[in-house]
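Just so you know, these numbers use all the heavy atoms, side chains as well, and skip hydrogens, waters and symmetry mates. Remember, it's 1-based here, ligands and their atoms both numbered in the order they're listed. Everything numeric in this text was worked out from a predicted model, so none of it was measured.
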Amino acid sequence: MTKCKLNSRNLLAIETSCDETAAAVLRDGRQLMSNVVASQVHIHKEYWGVVPELASRHHLEDIVRIVEKALLDAKTDRSAIDAIAVTQGPGLVGSLVVGLSFAKAMAMACDIPLTGVNHLHAHLSSVFLCEDVPSFPFLGLVVSGGHTNLYAVNSFLSADLLGQTRDDAAGEAFDKVAKMLGLEYPGGPIISELAEGGDPCAFSYPRAKLPQTPLDFSFSGLKTAVLTSVRKLAGQGPLPVEDICASFQEAVVDVLVEKTLFAAKNYDIRSIAVTGGVATNSRLRARMAEETRRLGCKAYFPYPELCTDNAAMVALAGYHQIKAGILLKKDADVYSRLPFPDI
Ligand code: KG4
Ligand code: ZN
């Protein structure tokens with residue numbers, strides 16, 4: 001018999017979908033008692049991207065320590081945990097398996113319910129861990145290293161996918177452009193820092209409109225245009241790195257803002273939440289806030305530490321699933337990608 005079926009006073013969440021091993025404790029679906037993240041960025045930096053096998057091995061090394069730290073920081077222990085939420089997908093299979101196996105074992109040992117969370121659903125939920133929160137329905141943009149997805153979010157348990165990237169994700173484009181410019185991985189933070197000293201109009205890079213599916217995104221043409229300009233400028237003195245960064249960033253921001261506002265008008269939705277690692281970008285935050293205001297809408301952003309991968313967002317999404325009785329079966333598997341439409 002489970003200790004606590006449809007309630008979860010103390011919920012432990014685990015996230016291992018990519019290169020962050022994370023655990024968090026959420027009390028009563030409101031109070032974040034702990035939020036621990038071990039990033040593997042220093043390991044994957046030298047390969048210019050996440051190496052799946054290295055990622056899973058490091059999750060295996062770190063997971064016990066990270067969960068123990070989350071319990072300790074929350075001033076609690078295993079016996080006080082009433083439910084577990086774990087990221088089930090999408091993500092790297094080997095990495096997800098580490099989190100799910102650990103969560104299954106702990107749920108069985110403690111005889112408590114376990115729910116499997118969609119990582120993108122978790123990003124959408126992250127905005128509710130802040131003070132100023134949107135009301136349903138709202139538009140949810142998830143912009144990360146693996147996804148650029150736009151949703152109409154109806155409730156904690158339901159979101160309709162309106163558009164997604166056809167090729168590179170926005171964060172992936174930042175990472176690839178950084179590599180072209182000889183900058184470090186991940187590319188987002190360094191590009192946004194350098195962009196501050198550059199001219200966003202120095203290069204006129206393309207903005208893919210996709211008239212047939214206007215809510216879809218494409219960043220591969222932009223990436224190629226940056227590569228072409230870098231090649232053209234090679235051997236003509238120092239590369240205007242700051243101008244390239246500012247012009248590239250402006251093109252990404254233009255597309256994200258324009259398509260999100262187009263959806264807001266089309267679906268008559270006034271609240272917009274921007275989540276995922278790219279949502280830490282200060283230019284994106286400023287432009288989205290300003291242009292949504294002009295349209296009579298309001299933009300919401302999670303705190304920066306809740307934009308990048310973390311388990312707090314998994315905890316909140318998992319809390320609502322457990323309340324609704326959505327539990328994992330004993331033979332549940334992970335999933336690397338979502339069927340269309342997802343969620
Ligand atoms: O959400 P996240 O931590 O992991 C995934 O689920 O992918 O996002 C990581 C991505 C990376 O591609 C990184 O370059 C990007 O977020 N990123 C940024 C910024 N900070 C991180 N992109 C643009 N500007 C930033 N300030
Ligand atoms: Zn993510």
Side-chain angles (χ1 to χ4, degrees), residues 13-22 24 35 37-41 44-45 47-50 52 55 87-92 95-96 99 117-127 140-149 151 164-165 168-181 183-196 198 200 217 219 222-223 245-246 248-257 273-288 301-314 316-317 336-338 342:
I14 295 167
E15 153 67 39
T16 61
S17 66
C18 192
D19 61 340
E20 268 92 19
T21 316
N35 186 25
V37 181
S39 171
Q40 300 177 7
V41 155
H44 302 287
K45 235 182 175 88
Y47 304 98
W48 275 98
V50 179
T87 304
Q88 195 181 359
L92 301 171
S95 293
L96 290 162
V117 171
N118 174 331
H119 182 78
L120 300 168
H121 226 164
H123 272 301
L124 291 171
S125 300
S126 63
V127 76
L141 180 65
V142 183
V143 261
S144 67
H147 296 89
T148 305
N149 286 11
Y151 296 91
Q164 61 187 328
T165 186
D168 294 337
E172 192 180 354
F174 271 92
D175 296 338
K176 288 179 176 170
V177 165
K179 188 176 181 188
M180 287 172 205
L181 296 173
L183 305 172
E184 63 183 30
Y185 173 86
I190 182 76
I191 287 185
S192 73
E193 196 186 318
L194 289 168
E196 278 175 32
F217 302 85
F219 296 105
L222 168 61
K223 181 188 68 187
C245 288
F248 160 75
Q249 176 177 271
E250 203 64 12
V252 175
V253 169
D254 271 351
V255 169
L256 294 175
V257 171
V274 187
T275 66
V278 182
T280 57
N281 185 281
S282 47
R283 182 71 182 151
L284 174 61
R285 290 170 97 101
R287 287 272 315 278
M288 192 70 92
F301 305 92
Y303 303 127
E305 65 273 21
L306 296 174
C307 288
T308 45
D309 286 350
N310 64 86
M313 64 185 192
V314 178
L316 190 61
S336 61
R337 44 180 58 235
L338 292 158
D342 64 0

To check you understand the geometry: which heavy-atom pair defines the closest contact between Thr148 and Ala170, and what is its length? OG1-N, 2.8 Å

Take the Zn ion (ligand 2) and tell me which protein N, O or S atoms are nearer than 2.8 Å. His119 NE2, His123 NE2, Asp309 OD1

Once rounded to the nearest 0.5 Å, what's the spacing between atom OG of Ser95 and atom CD of Gln40? 6.5 Å

For the pair Glu193 (side chain) and Ile190 (backbone), establish whether a donor and an acceptor sit closer than 3.5 Å, ignoring hydrogens and angles. no

Minimum heavy-atom distance Val278-Leu284, with the two atoms named: O-CD2, 3.7 Å

Atom 22 (N) of ligand 1: nearest protein contact (heavy atom, Å): Gly188 CA, 3.3 Å

Option set Asp309, Thr280, Asn310, criterion heavy-atom distance to atom 19 (C) of ligand 1, minimum: Thr280

Identity and separation of the nearest protein heavy atom to atom 1 (O) of ligand 1: Gly277 N, 3.0 Å

For Ser192, the ligand 1 atoms with a heavy-atom partner under 4.0 Å come out as 26 (N)

Is there a donor-acceptor contact under 3.5 Å from the side chain of Arg285 to the main chain of Ala279? yes

Please identify which atoms of ligand 1 are closer than 4.0 Å to at least one heavy atom of Ser144. 1 (O), 5 (C), 6 (O), 7 (O), 8 (O)

Counting N and O atoms only, with roles assigned by atom type, does the side chain of Glu15 sit under 3.5 Å from a partner on the main chain of Ser17, one being a donor and the other an acceptor? yes

Subset of ligand 1 atoms that lie under 4.0 Å from at least one heavy atom of Gly187: 14 (O)

Nearest protein heavy atom with distance in Å, relative to atom 9 (C) of ligand 1: Gly145 N, 3.7 Å

Heteroatom distance test (Gly276, ligand 1): nitrogen or oxygen, under 3.5 angstrom: no

Could you tell me whether a side-chain N or O of Asn310 sits under 3.5 Å from a main-chain N or O of Met313, the two making a donor and an acceptor? yes

Would you say Ala169 touches ligand 1, if touching means a heavy atom closer than 4.0 Å? no

Look up atom CH2 in Trp48 and atom NZ in Lys176, then write down how far apart they are to the nearest 0.5 Å. 13.0 Å

Please lay out, stage by stage, how Glu250 and Arg287 fare under the test salt bridge (Lys or Arg N to Asp or Glu O under 4.0 Å). CA-CA 10 Å; Glu250 203 64 12; Arg287 287 272 315 278; 2.9 Å; yes

Heteroatom distance test (Glu20, ligand 1): nitrogen or oxygen, under 3.5 angstrom: no

What atoms of ligand 1 come closer than 4.0 angstrom to any heavy atom of Gly146? 7 (O)

Check the side chains of Gln249 and Asn281 for a donor-acceptor pair under 3.5 angstrom, ignoring hydrogens and angles. yes

Quick one: which ligand 1 atoms are inside 4.0 Å of a heavy atom on His119? 6 (O)

Give yes if a backbone or side-chain nitrogen or oxygen of Gly171 is under 3.5 Å from a nitrogen or oxygen of ligand 1, and no if not. yes

When you measure from the heavy atoms of His123 to every atom of ligand 1, does any distance fall below 4.0 Å? yes

Give a yes or no on whether the backbone of Thr16 and the side-chain of Thr21 come within a donor-acceptor separation of less than 3.5 Å. no

Among Ile190, Asp175, Ile191, the residue with a heavy atom nearest to atom 11 (C) of ligand 1 is Asp175

Spacing of Ile14 atom CD1 and Thr87 atom OG1 [to the nearest 0.5 Å]: 9.0 Å

What atoms of ligand 1 come within less than 4.0 Å of a heavy atom belonging to Cys307? 1 (O)

Pro186 heavy atoms within 4.0 Å reach ligand 1 at atoms 13 (C), 14 (O)

What about Tyr185 and Tyr47, are their ring centers closer than 6.0 Å? no

Side chains of Asp309 and His123: any donor to acceptor distance under 3.5 Å? yes

Near Thr308, which atoms of ligand 1 are under 4.0 Å from a heavy atom of that residue? 3 (O)

If you round to the nearest 0.5 Å, how far is CE of Met180 from CG of Asp175? 11.0 Å

Atom CG in Leu306, atom OG in Ser125: separation rounded to 0.5 Å? 11.5 Å

Could you tell me the residue and atom name of the protein heavy atom closest to atom 24 (N) of ligand 1, and the distance to it rounded to 0.1 Å? Asn281 ND2, 3.0 Å

Quick test: of every protein heavy atom, which one is nearest to atom 15 (C) of ligand 1, and how far off is it to 0.1 Å? Val278 CG2, 4.0 Å

